[in-house]
Number of protein chains: 2
Amino acid sequence: MSAPLHERIRAGIEAEILSGTLAPGARLPVEHELMRLHSCSRMTVSKALSALASAGLIERRKRAGSFVARPKVHAMVLDVPDLGAEVIGRGQAYAYRLLGRRMRAPRDEEEKLLAGKGRLLQLDGLHLADGMPLALEHRLVALAAAPEMAEADFSAEAPGSWLLHHVPWTEAETRISAVNADDASADLLGLDPGAALLSVERRTWRGGERITSVRQLFVGSAYDLVARFGPS
Amino acid sequence: MSAPLHERIRAGIEAEILSGTLAPGARLPVEHELMRLHSCSRMTVSKALSALASAGLIERRKRAGSFVARPKVHAMVLDVPDLGAEVIGRGQAYAYRLLGRRMRAPRDEEEKLLAGKGRLLQLDGLHLADGMPLALEHRLVALAAAPEMAEADFSAEAPGSWLLHHVPWTEAETRISAVNADDASADLLGLDPGAALLSVERRTWRGGERITSVRQLFVGSAYDLVARFGPS
DNA sequence: CGATCGATTATGTCTATACATTATAGGCGG
DNA sequence: CCGCCTATAATGTATAGACATAATCGATCG
């Protein structure tokens with residue numbers, strides 16, 4: 001019942017926008033009007049409007065007033081799951097099987113950029129759900145950014161999960177595409193060659209420094225990425 | 001040079017967090033300390049801290065102080081592009097070719113849910129970039145939510161773009177997966193049967209009312225979805 | 001010794017006011 | 001009629017203070 005006043009004002013205007021009562025492009029009451037409506041000070045309505053503005057719902061223009069933003073390119077929220085947690089959350093047994101582990105020097109420009117001054121740790125593995133192959137993972141880690149990783153044991157915890165808990169990223173970029181399985185991948189995943197795979201490539205940074213680069217190949221029929229937008 | 005004071009304070013603390021100077025869990029100076037440091041009022045530092053808190057970078061606890069949040073970043077931002085704008089942005093020519101258009105009654109439970117009290121408009125089409133097939137689109141629109149759409153002309157503007165500008169959504173859910181092309185789809189996209197396709201299924205709402213449901217099949221090798229997280 | 005309870009300290013909200021900034025509208029001159 | 005220019009109306013930033021709220025620490029009492 002007793003949410004803060006600025007929050008109630010914000011929610012009220014948000015509801016009017018989402019319901020369409022306030023159409024895109026519509027001008028909403030000026031701050032002094034809202035002050036009068038809610039019998040409060042200007043700082044309070046300003047706080048409500050600032051929140052709406054930073055959420056992209058309205059646009060504020062000096063001298064002109066505040067307007068409902070025209071919905072441009074919408075953005076959605078894509079969950080970046082810890083794969084293990086995700087599988088267990090679906091009630092399946094999760095396992096990670098390490099297939100290969102090498103420490104080596106960077107081989108090309110892209111890898112040099114990742115490695116920085118140090119060497120690279122290459123980790124190949126298989127994610128399993130209820131014993132069935134779910135995804136094939138090829139990962140490169142910059143040892144300069146995560147030196148402790150050279151000694152880590154990945155029989156219990158997958159590298160992705162280990163990294164998330166020890167060297168969390170602050171920036172990341174994900175590319176999602178579809179590819180046909182080559183013979184080796186198909187064999188490891190227990191599929192026919194040519195089967196459709198969902199490819200998720202992710203590069204992560206921590207304050208400008210590259211941490212890791214990973215490519216996960218999901219069995220197309222066994223995994224969906226889900227993104228959402230809206231009042232959760 | 002002269003960014004607002006609260007913004008400079010916010011940026012300063014953000015930088016310390018991202019660089020690791022302030023480690024996760026660390027307590028940061030109390031508001032009165034920051035007031036003294038920057039010779040400003042409490043409202044100003046409070047504004048800076050509020051921004052950091054709403055961005056999830058810090059956690060504020062009464063009586064205890066403010067702490068750098070332990071990073072449990074699970075979400076990234078996925079742009080939902082207007083496909084035409086996206087293609088043109090890459091410097092290619094964009095076209096949409098309507099393949100089929102029918103008005104009909106809902107056929108199953110899922111479609112009934114979408115249609116509401118009205119009928120459905122089914123639109124099948126092909127997105128082209130520089131004359132090459134980019135994606136096959138199968139769309140169902142609830143005419144109850146967008147009656148004007150029955151008369152719209154889709155030779156100039158794709159249905160997705162039309163909808164975005166006329167009946168913008170407020171909630172959406174996207175499922176992304178990979179599938180092998182069936183014979184008909186492969187033929188329309190100019191691919192061999194079995195080629196990997198990126199399947200993007202999206203359902204949208206406007207304040208509780210279903211608007212449209214679309215499945216886009218992208219040529220796997222020609223299109224990447226990109227998601228980002230981090231200080232833009 | 002342990003549980004409870006109050007004092008203290010931090011954040012949370014709000015007011016009233018002041019001045020800065022900026023885009024617009026409308027007037028004024030050419 | 002057009003272009004400049006200024007007054008004005010809106011938001012943006014900041015101050016100082018008041019009271020609310022919540023959690024923690026420590027002291028007191030059973």
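Being a predicted model, the structure only gives us computed values, none of them experimental. Here is how names work: the chains are called A, B, and so on, in the same order as the sequence lines, proteins then strands, and each is numbered from 1.
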| message | If the condition is ring-ring contact (aromatic ring centres under 6.0 Å, His included), which residues does B:H32 pass it with, not counting sequence neighbours? | response |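 Partners of B:H32 by the ring-ring contact (aromatic ring centres under 6.0 Å, His included) criterion come out as none, since no residue qualifies.
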
Report the residues that fulfil side chain to side chain donor-acceptor pair (under 3.5 Å) with [X], sequence neighbours left out, ordered by chain and then residue number.
X	value
B:D124	B:Q122, B:H138
A:E86	none
B:R36	B:E33

| said: Please determine whether a side-chain nitrogen or oxygen atom of A:R60 lies at a distance below 4.0 Å from atom OP1 or OP2 of D:dG12. | reply: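 For D:dG12, OP1/OP2 do have a side-chain N/O of A:R60 under 4.0 Å.
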
| field | Set of residues satisfying side chain to side chain contact (heavy atoms under 4.5 Å, CB included) with respect to A:M43, sequence neighbours excluded | value |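 Checked A:M43 against side chain to side chain contact (heavy atoms under 4.5 Å, CB included); matches are A:S41, B:M43.
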
| field | Under 4.0 Å protein heavy-atom contact, by nucleotide of nucleotides 14-23 of chain D - B base, S sugar-phosphate only | value | BBB-B--BSB

| On DNA chain C, which is the earliest and which the latest nucleotide, 5' to 3', with an atom closer than 4.0 Å to a heavy atom of chain B? |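 Reading along DNA chain C, I get C:dT8 to C:dC14.
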
| request: Whole angstrom is fine here: how far is it from NZ in B:K47 over to C1' in D:dT11? | output: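 Rounded to whole Å, this separation is 11 Å.
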
| Will you find, in the side chains of B:R215 and B:S199, an N or O donor that is under 3.5 Å from an N or O acceptor? |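 Yes, side-chain donor-acceptor contact under 3.5 Å.
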
Would you be so kind as to tabulate the donor-acceptor pairs closer than 3.5 Å made by side chains of residues 24-31 of chain A, with sequence neighbours excluded?
| unit_1 | atom_1 | unit_2 | atom_2 | d |
| --- | --- | --- | --- | --- |
| A:R27 | NE | A:A64 | O | 3.4 |
| A:R27 | NH1 | A:A64 | O | 3.3 |
| A:R27 | NH2 | A:A64 | O | 3.2 |
| A:E31 | OE1 | A:R42 | NE | 2.5 |
| A:E31 | OE1 | A:R42 | NH2 | 3.3 |
| A:E31 | OE2 | A:R60 | NH2 | 2.2 |

| query | Residues in salt bridge (charged side-chain N to carboxylate O under 4.0 Å, His left out) with A:R10, at least two apart? | reply |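 Counting only residues at least two positions away or on another chain, A:R10 forms a salt bridge (charged side-chain N to carboxylate O under 4.0 Å, His left out) with A:E7, A:E14.
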
